[in-house]
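Comments concern the structure below.
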Amino acid sequence: MMSEPLLQVSSLTVTLPGGAGPLHAIMDLNFSVRRGGTLGIVGESGSGKSITMLSVMGLLPRAASVTGSVRLQGREILGLPNAELARLRGKSMAMIFQDPLTAMNPVLTVGVQVTESLRLHDRSLSRRAAMDRAAELLETVSIPDPRRRLGQYPHEFSGGMRQRAMIAIAVANSPALLIADEPTTALDVTVQAQILDVLQRMRERLGLALVIITHDLGVVAGTADRVAVMYSGRLVEEGDVTTVLAAPAHPYTVGLLAAVPRIDRGNTRLLSINGSPPPLSNRPKGCAFHPRCSVAQDICRSVTPSLQAVGSSQVACHFPYGAAEASRP
Ligand SMILES: Nc1ncnc2c1ncn2[C@@H]1O[C@H](COP(=O)(O)OP(=O)(O)O)[C@@H](O)[C@H]1O
Ligand code: SF4
Ligand SMILES: [Mg+2]
């Protein structure tokens, strides 16, 4: 029996109110996450990664209009009443937000914040039992001396320790899906690797599925099995990580990959894609990437490419790399 994916997002469209008319933040997004799998969502800042996963969590502002379908464990959750979504959050899906300093409450000890999230879903848990469980959780994410740490405030934690505490809070109720939004940004390289390692350990231990949002394709390389590349509110390439990294088909993915520092390239200057992503209010016609694309043709300026199979990946480009070889008999 083909088991259905843990998370299935179909035709997701998010429209935000803007001063000069509605802003199309996300357009017709399709992707899935399998049980126990890790999906990396990659793209420059402003490509819609956070909005996508906030809409899965049901955490977008009220003024946002969200259409399409979000199925979690086979159940449609888009448009569920807030109270029902609140019940799912923590227990079925949890998210580690982009900025751990603002995501934690500065005036409550870490212990209070971890136990609150435990007791939110289990009212029968005594304070003492919750504290014991909280200490276990900190230990699980490799925070040394957990008893003492529980009595401290977030500002007494280093960036890496705070991120570990956020992971502990997120997994407190053993969710089936854990979303980590830029979990390693602003951490130094050694700590980055440790945090990614903790996330992978949680995935294995709890059997959860992981979504890692990052602007750094390098983060995806060592952690994810699938990758979804986003540009200006659309999916532009999706596939198996090994395949996409070895043979990226979308010119944007090629550009992102060239920007990843690699030891074997020596100390050469990093290549980067010229320019920056367009604002939502002024998205170029056709392929939104065309002003920055070195292989753009006339059709790119008028016709928006839709996703199509290129090898084992899905790519939205009129002239994907590797297409000619892939279609050869
Ligand atoms: N509440 C909002 N109102 C209007 N525009 C927004 C809002 N939140 C985000 N945006 C815009 O939506 C786009 C995608 O944002 P986001 O999902 O945060 O990008 P990413 O996480 O990939 O950096 C950006 O252009 C951002 O400026
Ligand atoms: S559709 Fe055209 S402009 Fe867009 S990425 Fe492909 S080649 Fe470049
Ligand atoms: Mg973001």
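Just follow the structure's listing: the first ligand is 1, and inside any ligand the first atom is 1. Atoms considered below: every heavy atom in the structure, side chains included; atoms not considered: hydrogens, waters and symmetry mates. Counting begins at 1 with the first residue of the sequence.
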| request: Please check if the side chain of His290 supplies one atom and the backbone of Asp298 the other of a donor-acceptor pair under 3.5 Å. | output: no
| message | Using side-chain hydrogen bond (donor to acceptor under 3.5 Å, both in side chains), reason through Thr253 and Glu237 one step at a time and then give a plain yes or no. | response | CA-CA 7 Å; Thr253 316; Glu237 179 157 10; 2.8 Å; yes
| task | Kindly tell me which protein residues have any non-hydrogen atom under 4.0 angstrom away from an atom of ligand 1, grouped by chain and ordered by number? | result | Leu16, Glu44, Ser45, Gly46, Ser47, Gly48, Lys49, Ser50, Ile51, Leu280
| field | Sidechain N-carboxylate O distance under 4.0 Å for Asp132, Arg147 | value | yes
| said: For Arg201, I'd like to know if atom CZ has over 12 heavy atoms of other residues, nucleotides or ligands within 6.0 Å. | reply: yes
| Under 4.0 Å between a Lys/Arg side-chain N and an Asp/Glu carboxylate O for Lys49 and Glu44? | no
| So, Glu182 and His215: side-chain donor and acceptor under 3.5 Å apart, yes or no? | yes
| query | Around ligand 2, what residues show up once you keep those with a heavy atom under 4.0 Å from it? | reply | His250, Pro251, Cys287, Phe289, His290, Cys293, Val295, Ala296, Cys300, Pro305, Cys317, His318, Phe319
| request: Kindly give the heavy-atom pair with the smallest separation between Ser142 and Met161, and that separation in Å. | output: O-CE, 4.4 Å
| task | Return the orientation label for the His250 and Phe289 ring planes: parallel under 30°, perpendicular over 60°, tilted otherwise. | result | tilted
| task | For the pair Glu84 and Arg75, find out whether any cationic side-chain nitrogen is under 4.0 Å from an anionic carboxylate oxygen. | result | yes
